[in-house]
Number of protein chains: 2
Amino acid sequence: MAFRSEILVKLDKKGRVAFPAAFRDELPDGQRDGFVLYRSNTVAGLVNGNSRAGFDGMLARLRAEALGPKASLKAVLDDEAFDPAGMMSSQAREIRLDPDGRFVLPEEFIDMLDARAEGVVLLGRGEKFQLWNPARWQVRREADTARMAAFLRGLDGAA
Amino acid sequence: MAFRSEILVKLDKKGRVAFPAAFRDELPDGQRDGFVLYRSNTVAGLVNGNSRAGFDGMLARLRAEALGPKASLKAVLDDEAFDPAGMMSSQAREIRLDPDGRFVLPEEFIDMLDARAEGVVLLGRGEKFQLWNPARWQVRREADTARMAAFLRGLDGAA
DNA sequence: TGTTTTCCCATGTTATCCCATAAATGCCCG
DNA sequence: CGGGCATTTATGGGATAACATGGGAAAACA
């Protein structure tokens, strides 16, 4: 259950996107027919994805970290309290795959990614995956390559 | 069974509102024909919604976790005692969907939300959903986005 | 007997299913 | 170690079903 690799996919005339078999195979049994897309909390124009189970698990971890185990009742009843898990739910959309493993990318995500022309980069990130605008991913990738080298250089002495 | 996404819906001339399929699909089997709306306890002009089962489950948790067996028994028998679950029940309205998946928003909620002109934002919050006045949701959303960023910033070093 | 509510039908749009083709992949057996 | 050969995958497109939305007519209500 680990999303890997980097694949550029395009939208066809109907707005459909092929979800590569390599990604589909990482969805848990019984949940191969769909997944969840949600927009990034911090990076504009970036869309994240995960299996339903993976997304729910993430929310559970978030809820435990943000509120502590006892406060979940308060989060449901007190609408004034900040509820990060609820926030992410509102930004998430359930995506269903057709029998051929394709899905239609919702309009809002097409706009965020400016995906109509160049398509999107599907990026495996281990426990989740991401949808990037190809050009923006290129920029980010170069930045991350430098950050990675710096990170590794700092590994020895530190600990 | 988790409400997701954010959808703006409008009232037609008859005051009907389309309940999107994405939300209807989250209602439990046998309860697809309606749901419960109830006003927020803490935020003025906000209306919450849930399936009948979800709403009942919430009240059960409220009685069990917040009050305990003795206090909830007292709440049933002693009319002078404060009964939060009973309070919420009295605020709640049962909503029925027509065969096309639409419902009429009761007058009191239209007023609270000032929904006649701009419609309402349907907001999936995971275990429940919310009805917001579009402009007010915009304000809240920006505040929550900032709170989310602050929360994420505090995640790394802290523990 | 007016008013409100509910049901039913019509329509344009979108999404879903199904079939077809072609490329890519894996596999068996010579 | 390669040919075939079957299977899976990617991609296009037509047919069908589902959805959102408007409006009329019947039913319920007062």
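Order of the sequence lines fixes the chain letters, A, B, ..., with proteins taken first and strands second; residue numbering starts at 1 for each chain.
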Test item: B/Val43 and B/Arg140 side chains (from C-beta on) under 4.5 Å apart, heavy atoms: yes
A/Asn48 vs A/Arg39 side-chain heavy atoms within contact, under 4.5 Å: no
Value rounded to 0.5 Å, distance of CG in B/Asp56 from CZ in B/Arg52: 9.5 Å
What is the nucleic acid contact for B/Lys13, judged by heavy atoms within less than 4.0 Å: base, sugar-phosphate only, or nothing? sugar-phosphate
Nucleotide C/dT4, atom C1' - distance to CZ of B/Arg16 in whole Å: 13 Å
Rounded to whole Å, please give me the gap between CG in B/Leu97 and P in C/dC7. 11 Å
Rounded distance (Å) that lies between atom P of C/dT6 and atom CG of B/Asp12: 14 Å
Between P of D/dT16 and NZ of A/Lys14, the distance in whole Å: 13 Å
Distance test, side-chain N/O of A/Arg96 to OP1/OP2 of C/dT16, below 4.0 Å: yes
When all nucleic acid strands are considered with a 4.0 Å heavy-atom cut-off, which category describes B/Arg102: base, sugar-phosphate, or nothing? base
Measure from CZ on A/Phe103 to C1' on D/dT11 and round the result to the nearest Å. 15 Å
Please compare B/Arg24 and A/Arg24 by the position of their nearest nucleotide in DNA chain D and report the one closer to 5'. A/Arg24
Other members of the hydrophobic cluster containing A/Val17, with the 4.5 Å side-chain heavy-atom rule, please. A/Phe3, A/Ile7, A/Val9, A/Leu11, A/Phe19, A/Phe23, A/Leu27, A/Phe35, A/Leu37, A/Val47, A/Ile95, A/Leu97, A/Phe103, A/Leu105, A/Phe109, A/Ile110, A/Met112, A/Leu113, A/Val120, A/Leu122, A/Phe129, A/Leu131
Rounded to the nearest Å, what distance is computed from the CG atom of residue A/Asp100 to the C1' atom of nucleotide D/dG13? 12 Å
Between atom NZ in B/Lys10 and atom C1' in D/dG22, what is the gap in whole Å? 16 Å
In degrees, rounded to 10°, what is the bend between the two ends of the helix from C/dT1-D/dA30 to C/dG30-D/dC1, using five pairs at each? 50°
Answer yes or no: is there a side-chain heavy-atom contact under 4.5 Å between B/Met148 and A/Met88? yes
What is the distance from CG of B/Leu11 to P of C/dT5, rounded to the nearest Å? 13 Å
Mind checking whether A/Ser51 and A/Val36 have side chains closer than 4.5 Å, heavy atoms only? no
Any side chain to side chain donor-acceptor pair (under 3.5 Å) involving residues 109-125 of chain B? Give me the pairs, sequence neighbours left out, ordered by first then second residue. B/Glu107-B/Arg116, B/Arg125-B/Gln130
